[in-house]
Amino acid sequence: VHLEESGGGLVQAGGSLRLSCAASGLIFSHHAMAWFRQAPGKEREFVATIGMSGGTIYYADSVKGRFTISRDNAKNTVTLQMNSLKPEDTAVYYCAADPGGLGTAGDFYDYWGQGTQVTVSS
């Protein structure tokens with residue numbers, strides 16, 4: 001299984017970024033997908049998760065109303081649209097996949113990408 005994130009970068013506060021995760025080596029439509037992030041010196045934290053069909057979605061309170069997770073099962077991709085970015089959103093963002101149901105704990109997920117850096121300047 002291979003998950004590859006893209007779309008990270010440097011953006012000013014208030015700006016937007018769109019992260020993508022391309023999945024291969026798995027039956028994508030049979031996996032819940034999620035985004036996590038880890039800032040320097042901090043624990044990894046849950047950002048958002050989306051069910052296999054895209055019908056069920058959960059967000060962390062810290063990103064609710066600003067971030068949108070979506071998936072395209074035909075293209076084996078999951079996307080995180082991030083708007084109204086804040087300096088505290090600065091972190092490495094990771095894509096994760098699991099053949100079970102949705103979860104907000106990192107330990108729940110079997111497969112992880114290498115991460116993409118998002119830096120928000122004030």
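Values reported hereafter were calculated over all heavy atoms of this structure, with side chains retained and with hydrogens, waters and symmetry mates removed.
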- Taking all non-hydrogen atoms of both residues into account, name the closest pair between Leu3 and Ala23 and its distance. CD2-CB, 3.5 Å
- Task: Check whether more than 12 heavy atoms from other residues, nucleotides or ligands sit under 6.0 Å from atom CD of Glu4, and answer yes or no.
- Result: no
- Message: Between Arg37 and Asp89, does the side chain to side chain contact (heavy atoms under 4.5 Å, CB included) criterion hold? Intermediate values first, please.
- Response: CA-CA 9 Å; Arg37 66 188 182 186; Asp89 294 319; 2.9 Å; yes
- Task: For Asn83 and Ser16, work out which heavy atoms get closest and say how close.
- Result: OD1-OG, 2.9 Å
- Query: Has the side chain of Ser84 got a donor or acceptor atom that lies under 3.5 Å from a matching backbone atom of Gly14?
  - Reply: no
- Nearest-0.5 Å distance that lies between atom OG in Ser6 and atom OH in Tyr93: 15.0 Å
- Query: Of all heavy-atom pairs between Thr77 and Ala22, which one has the smallest distance, and what is that distance?
  - Reply: CG2-CA, 4.2 Å
- When clusters are formed by joining ILVMFWY residues with side-chain heavy atoms under 4.5 Å apart, either directly or through shared neighbours, do Phe46 and Val63 land in the same one? no
- Message: Count I, L, V, M, F, W, Y as connected when their side-chain heavy atoms are under 4.5 Å apart, and connections chain through other members. Are Leu80 and Met52 then in the same cluster?
- Response: no
- Note on the structure: Closest non-hydrogen atoms of Met33 and Ala97, given as atom of the first, atom of the second and distance, are SD-CB, 3.4 Å
- Rounded to the nearest 0.5 angstrom, the CG-CZ distance for Asp98 and Phe108 is 4.5 Å
- Query: Just how far is it from atom CG of Leu19 to atom CH2 of Trp35, taken to the nearest 0.5 Å?
  - Reply: 4.5 Å
- Enter the distance from Lys86:NZ to Ser122:OG here, rounded to the nearest 0.5 Å. 14.0 Å
- Query: Quick one: does Val92's side chain get under 4.5 Å of Arg44's, heavy atoms only?
  - Reply: no
- Item | From Cys21 atom SG to His2 atom NE2, the distance as rounded to the nearest 0.5 Å | 9.0 Å
- Determine whether Asp72 and Ser70 make a side-chain contact, defined as any pair of heavy atoms from C-beta on separated by less than 4.5 Å. no
- Query: In terms of hydrophobic clustering (I, L, V, M, F, W, Y; side-chain heavy atoms under 4.5 Å; direct or indirect links), are Ile27 and Val78 co-clustered?
  - Reply: no
- Item | Distance-minimising heavy-atom pair for Gln114 and Tyr94 | O-CE2, 3.4 Å
- Message: Tell me if a side-chain donor or acceptor on Arg71 pairs with a main-chain N or O of Gly51 at a distance below 3.5 Å.
- Response: yes
- Item | Chi angles and distances behind the side chain to side chain contact (heavy atoms under 4.5 Å, CB included) call for Thr119, Ser121 | CA-CA 6 Å; Thr119 303; Ser121 63; 5.7 Å; no
- Query: Would Thr79 and Arg18 count as a side chain to side chain contact (heavy atoms under 4.5 Å, CB included) if you check the C-alpha gap in whole Å, the side-chain angles of each, and the deciding distance to 0.1 Å?
  - Reply: CA-CA 7 Å; Thr79 299; Arg18 186 178 180 87; 3.5 Å; yes
- Query: Is the CG atom of Leu10 crowded by more than 12 outside heavy atoms at less than 6.0 Å?
  - Reply: yes
- Task: Using a 4.5 Å cut-off on heavy atoms from C-beta on, say whether the side chain of Val120 contacts that of Glu88.
- Result: no
- What do the steps show when you test Leu85 against Phe67 for side chain to side chain contact (heavy atoms under 4.5 Å, CB included), and what is the final call? CA-CA 9 Å; Leu85 282 161; Phe67 290 11; 3.8 Å; yes
- Message: Using every non-hydrogen atom in the two residues, find where Phe28 and Asn76 come nearest and quote the distance to one decimal.
- Response: CB-OD1, 3.3 Å
- Task: Taking the six-membered ring for Trp and the single ring otherwise, decide whether the centroids of Phe36 and Tyr109 are under 6.0 Å apart.
- Result: yes
- Pairwise distance OG1(Thr68) to CD1(Ile57) - rounded to 0.5 angstrom: 8.0 Å
- Please check if the side chain of Glu5 supplies one atom and the backbone of Cys95 the other of a donor-acceptor pair under 3.5 Å. yes
